[in-house]
Amino acid sequence: MDAQLPALVIVVPLLAALLVPLAGRRAAWGLVALALLLAFAGCVRLLVRAHALPEGEAIRYALGGWAAPVGIEYVVDRLNALVLTMLSGVAFLVALWMRRSTAREIRPPAVTGYYSVFLLMAAGLMGITITGDVFNLYVFLEIASITAYVLIAMGRRRQALYAGYSYLILGSLGATFILLGIGHLYMATGTLAMADIAAVFAREPQLYDSSVIRTAFAFFTVGLALKMALFPLHGWQPGAYAEAPSATSVFLAATATKVSAYALYRVAFTVFGVRFLETGLPVVRDALLVMACSAIVVGPLLAIRQHDLKRLLAYSSVGQIGYVVLGLALHNADGLTGSFLHFWNHAAAKGALFCVAGALAYRAGTTQVAALKGLGRRAPLTAMLLTVAACSMVGVPLTAGFLTKWYLARGALEAGQWAVIPVLLASSLFTAVYAWRLLQLAWFADEDGPVAEDVPWSMRAPSLVLGAACLVLGVAPLALPVAQAAAEALL
Amino acid sequence: MEDLILAILVALALAAVRLKDLLGAAAVLGAYSLLMALLWCRMNALDVGFTEAAVGAGVSTVLLLAAVNRVGRREQGPGVSPLLKPALWRLAEHRAALAERPDRPLLSARTMALLVVGLTAAALLYGARDMPRIGDPAAPANRAGSVAQHYLRHAPADTGAANVVTPVLGDYRGYDTMGETIVIFTAALCVVLVLRQAGRWRGPKEAP
Amino acid sequence: MRSTDSLIVRYIARRSVPFIQLYALYVLGHGEDGPGGGFQGGVIFASSFVLLGLANGWGYGRRAAPARLLDPLLPLGCLIYLGIGLAALLAGGAFLEYGALAGSDDPEVRRHWHHYGLIGIEVGVMVTVSAAMATLFFEMARPARVQARVDRVGEEADRA
Amino acid sequence: MSGAVPLLGGLDLAGLGPGLPPLVCLLGLLGVVAARRRPNLREGVSLATAGVNFALVLWLYARHRAGETLAWEGFSLAPGLALSFRVDALGLVFALVASGLWILNTLYSIGYMRAHDEPRQTRFYACFALAIAAVMGAAFSANLFGLFAFYEVLSLCTYPLVIHAQTPAARAGARKYLTLLLGASIGLLLPGLFLVYHLAGTLDFAPGGLLAGVAAADGTLVLAFLLLVYGMAKCAALPLHGWLPAAMVAPTPVSALLHAVAVVKMGVFGVSRVVFHVFGPETMARIGADDLLVGVACFTIVVASLIALAQDDLKRRLAYSTVSQLSYVLLGVGLGTGAGAVGGLLHIGMHATSKITLFFGAGAIYLACHKTRVSELDGIGRRMPITLTAFAIGALSMIGLPPTAGFVSKLFLVRGAAADPAGAVVLAVLVASALLNAAYFLPILWRAFFRPLPAGTEAGVHEAPWPCVLALSLTALGTVGLFLGHGPLLDLARAVAHAAFGGAE
Amino acid sequence: MPVALAAAVVVILLGVLVLLRRVIVGPRLLDRVVAVNVIGTKTIILLALVGYLAGRPGFFLDIALSYALINFVGTIAVLRYYEGRVRRGEPVEEEA
Amino acid sequence: MSVLEIVAAAAIGLGSLLMLATAFGVAVFPDFYTRLHAAGKGDTLGQALVLAGLLCLGGDLTLVVKLVLIVFFIFIFNPTATHALARAGWVSGIVPWVRGGQDPGAPREPGA
Amino acid sequence: MGFVVTWLLLAGLWLGLSGFFDLIHLLFGAVSVTFVTALSHRYLTAGGPLGRGLRRLFGLLAYSPWLLWQVALANYDVLLRVLGIRRVDPQVVRFRPGLASEFGKVTLANSITLTPGTVTVEVAGGEFIVHAIAPEAAADLAEGAMVRRVRRLEGSA
């Protein structure tokens, strides 16, 4: 069974997603949780195995028994094992978290369908991550996208439809660009397997000068930037996060854009290769650097002005994705390590924050920031969660967020990009401003908000795990060795 | 011959864009799909042509029309199905607001779209500079040792299927096809979820 | 959606249904030999119901392909596909390695099983695609009157 | 307490060494939260934590005196980024002062909070415990990162203390407090940290300065120095002092904590660390950073004293006095002479003890008769003799008159200044400052003791509750005691100076 | 023979080109639909011809056959919704 | 070139010309209904001719069956579609054009 | 019985289309034909005795050559009008051909549409509304050869 793990971690959620519509409502939730638990266990096992592998090797799984260029191959190395574990872990926690929340936010007959779509999205995101084939990546990107549109559109307010719709339009545009990129890539190399394409590049370095390859890379970059809501292509994101049902927001915000960022890393480093970034098309690198930096600054600035907690968090995500991309733009070991750490760090922090928003929606029926008033008294654990996660977002030392900034700053200094440092600091300051506003309301408000008591334990416990992760990841460097090894392997 | 088909395609596309009546545009797009499929077949991509015909000209036209019909009902007044209305309405309002306001933003939606299309076209043209010719045996996708050659040579022996496309889709890259099937499933499920849930729901009745 | 009032269109649409469906299955069955396969076959199969719904009224078409039937068929097709993949996995091969189902190393036998696997997954694809396309159509084209009833029933169910 | 205490299957508890005080304080935090529904137990836990903590510090001090090297590797967050702890003389100065006064501060708090029947007391005590944990962590941190981390934690966990009253004024003050401190630490300290790491490749403190052997342009080093010093805005060097008076809106025990013990001393302690163990005197001298620091300190001393003179609000006057006094420490460590360093470091303890007495006094006055302005204090010395006597002792120490603690540190400062080539200016500043101190403290005493009470208010004025009085009496005694028995502190300060400047004192 | 086939294809394509005038000019929606329908039926033939040109008539005829079905469905669909518009009393032509 | 091939070529040529003619018909006829005449008929025969020509080129049974089937479908679907179009025009109130531009009035009995 | 006939019809169609006669294709074909028949044979054989349906089918086969000829004529006619040789002078006529069955009406309507100069516009009840491109095309509709033939075809019931 161990050998079959790479396939199973994807297939099991898929299978469950197909069975859920046939199962009853109660059994459905159990199935979701079980499937995601199994997937998580599998991913952890894969992470352990991948980390134990010698440098430069990966776990390979040939789907259909056809080895790579002929068939589709799953490749698990340290980097994507890291992302996979994050994905399945968050998905599992959200699955635990969402039972009560969906019961309140989703119309009862649609709940099983919602679960099914949720599982499909989780499987889709994991599929994007695990695959070693550019076209297969696109297929799972489609699954993840379509499900995301609907998971958003199922929000209770009318605006949810609009939010889902605008994501649909922009997401499809992005997906189209990615497909164009794949097409160009295939045209120039004649193969779709990532490793094989890389081999072609190694064999024929003159391909780097080909306009086909350059166009392909540009398409990939723009398409994935759209999908990951990289400033200034983030237009779809705030509405989507704000209007979606709580469980969707938690999962989407914690994982979705990061997977696109991961895909960009894969494409840039594994497929095109570092040399292409350095010599082939350096302008893209500079453009990414500028975009990442503007995202890092502008995201929190926009967040400061928001009155809706989910919208505020969404804008903050706009900034946070900048951190994830920054490593790519710096492309040295420290910068990459910082970005890879951020996959986990931000997932934990943003997941926890959206859990707070979900708790607010559950208890208060609103996600207005003002509803946080008195949270510290009525729901102290949730308020603690908010505090810890917000500190992590700011990058307070001893929380996970600090490590990200530390490595990114090191990477920036190493790369000679001094200007990045003020950007990082400014972003921390802006983040501190809105985090402070939230905490102020939660702990130091005089009058009480609409929250009467804390959410049920079935919601509290999973979200606290995320909050604890913010602290644990900040003190005990669980992900660090893997992230560092992954960064070094990419370069 | 291809030039003629392409010219017709461009003309049809322009006609579809120019038509304000979405019903007509959908019909024109159906014809567009048929000719597109012809082009695919002309390039010997039979399965693609087949799919384009069956889906592009058939089902998707019908679905487009159904959607247009639903949305078009907004002119009718009360008792209207609410689906999709907010989205398109908002868009319409947005456009109306843009038209009325003298200080409209630098880039209207239309300019933006034009910009995107223009840039994409420019990129495609740039990319076409070094593209191999269609059917060029020396092209990376066709040359000896390429995956395509492998498929052509081994597919019948591997799977006993005469049409190479089928084993490529169903066997060598069967996993992709599984993914696509799941996409279809997802799409249907999603539409069911959204459309059967179209009525407004305010949550369970007990006080939160 | 009421039926179209044209007797001729209604008549022709009804009569052509079996032919369209048979043709769809032909497309499915000969995917290995010619163009087409489960996807195209599924779409054509579904278009027979679409035609019925268009020409003879939404209700007429929906009776031919009721939601009760289509809803479970939707995941079923994918389940067939996944099931074949998992069967291969359990038989000791990789996921979707149809040859492993043969349980023998003889290339000839394995080739046959590859063929059977292909047919199997094409059937799965067709089931899902046709159910999906028909569902899409019937959901999208649902007349306002029926939609209002659905909404009402839904809201009553919520209240209950 | 010597040797390994086996716990949890071989975990060497004593081996945690310098890690123990912060951990104990964290345990205290948990205890406070757990006992939130039983005030007596809660306060008991607070007091016990403070006591155990002081005992632990004393134990560490004893073992350090015995020549043991005490260190705990702690957690490694990342290569080059670790939370590790080591006991050294400089840290012990800070830890001893802080943990010792903490007990009294806790005692005082109990009296103050109960008398006032303040709301949100659990939050108050929890944050207190976290604050002392941060102080202990910072004192024993073996690297710049640990110092920075605990510095930040201290900023954050004192914010709820400042905003405690949650009145509009408290909110405004707290906002200014956090904005300035966080802004400085994120905007200046953090980049300084990055820069140091980038230059040296390590953040571990080293006796001669971790930047000692680093080849870098002087300008860069000066930049790093300024980033670090001003990043530590808690040292309240002008112009980043604004948070300090603003934070006066907090309850008095908090002000005492902020301005005498924890927060401000964290600032000057941090600067001392930077001077001695990040840059090292040699590098400092080479790049001219010492003169820079002295200049800043002199400027702050004079200007802040002048501002204090104009304040009518008692606590604000004390606050500006603190701003000025803190720069004595900066002056001392910046002088670049052994005696100066000793004087500066001693002043950490001396000023802490005297200033806490002053704040306790101010708080007691407020508790007893709700007076906050200097102009209202007429004649209360006669109704509250203990409080005002203690206050007077504190004030004398501020001015630097014997027999109070302030005299000792100022004496060393003067000796240090005399040894400095440019000492004349410094000496002038010291003298001027002493005069200014006298000018704003003596009128208070004059009013309290020699002016009659305004008619009609006699009934309302009496001594504060006994824990308060006890606490401030003890600190006043301590102020005098440190004049007499400053030996241990002096030894530690000398050890630091010796390591930095060799034998010359 | 191929020449004849190719010539026929070109002739029919020219026909399509002529029909485009109706598609673009209209003036009514139905005029466009007529033209589109005719383009569709012509495409069936084009496909058959191209199939013979390519030497794989069987495969192409499969597709042509499905075209015949699909084109019908498409036309019926357009008219169906057009008539729905008429029945609801909406203006049938939205274009000014 | 065999006789059959010549017949085939002729049929294909004739058929394609017919289709071109109907295209012109659709383009030049004065009103919607008259255009339908062109669309509904010329196409049907043109297509049948072309397919018949292809039939002459021979092939195996399936080819023949398919060609016949296509012709069959065209003969069924084309007039039905034409009728549906005409009917749609009729119910939406498109007034038939008549020579001289006079009011067509109500539908007349034949020959009246 | 309708099932069997439909099955046979579809099976014949399948064999003609398929062209493969190996076991797996035949098996698949049999399954397909059975499935489609079971699902949809009612659309073919509903509404009338089986014998009538068969007779109509064969009648239709006999009718088609004549129709084909008419179609050819129609095209000639349209061609002339396109080329401007004959005048376009449209008119709309209505008449009652007196057909009872759907089958008859549909056959006639489509025949009319295919033949010279006429397009069936509407069939409502027993009445046909036809658009004729020229008066002479409309003239012999009501009692023309076509109506007679269709009536015979229908009447064979």
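Residue numbers start from 1 in every chain, and the chains themselves are labelled A, B, ... in the order their sequence lines are given, proteins ahead of strands. Side chains are part of it too, since the values below use all heavy atoms of this structure and drop only hydrogens, waters and symmetry mates.
You'll find the side chain of A:Phe402 reaches within 4.5 Å of the side chain of D:Leu190, heavy atoms only. Taking 4.5 Å as the limit, some side-chain heavy atom of A:Trp418 sits within range of a side-chain heavy atom of D:Leu195. Between A:Leu403 and D:Leu81 there is a side-chain heavy-atom pair separated by less than 4.5 Å.
Only the side chain of A:Val396 comes within contact range of chain D, with at least one heavy atom under 4.5 Å from a heavy atom of that chain. Residue contact with chain D, scored on non-hydrogen atoms closer than 4.5 Å, involves the side chain of A:Val394 exclusively. With a threshold of 4.5 angstrom between heavy atoms, A:Glu414 approaches chain D through N, CA, C or O but not through any side-chain atom. Residue D:Ile163 touches chain A through its side chain alone, counting heavy-atom pairs closer than 4.5 Å. With a 4.5 Å cut-off on non-hydrogen atoms, D:Tyr197 touches chain A through its side chain but not through its backbone. The parts of D:Arg175 that come within reach of chain A are both its backbone and its side chain, each placing non-hydrogen atoms under 4.5 angstrom from that chain. If you measure heavy-atom distances from A:Leu413 to chain D, the contacts under 4.5 Å come from both the backbone and the side chain. If you measure heavy-atom distances from A:Ala426 to chain D, you find no contacts under 4.5 Å at all.
Among D:Leu193, D:Leu182, D:Thr179, the residue with the largest count of heavy-atom pairs under 4.5 Å with chain A is D:Thr179. Highest contact tally toward chain D, considering only A:Leu473, A:Leu398, A:Leu424, is held by A:Leu398 [criterion: heavy-atom pairs under 4.5 Å]. Ranked by non-hydrogen atom pairs under 4.5 Å with chain A, the options D:Phe150, D:Phe194, D:Tyr151 are led by D:Phe194. With chain D as the partner, the residue from A:Arg377, A:Arg410, A:Lys405, A:Gln484 showing the most heavy-atom pairs under 4.5 Å is A:Arg410. Contact count versus chain D (heavy atoms, under 4.5 Å) is highest, among A:Leu480, A:Val475, A:Leu341, for A:Val475.
D:Tyr159 and A:Trp436 form a side-chain donor-acceptor contact under 3.5 Å, judged by distance and modelled atom types alone.
Here the closest non-hydrogen pair linking D:Gly187 and A:Leu425 is O-CD1, 4.1 Å. The nearest pair of heavy atoms linking D:Leu156 to A:Cys391 is CD1-SG, 4.3 Å.
Within the 3.5 Å criterion, the main-chain N or O of A:Phe444 finds no donor-acceptor partner in the side chain of D:Arg120. Between the side chain of D:Glu152 and the main chain of A:Pro397, no donor-acceptor pair closer than 3.5 Å is present.
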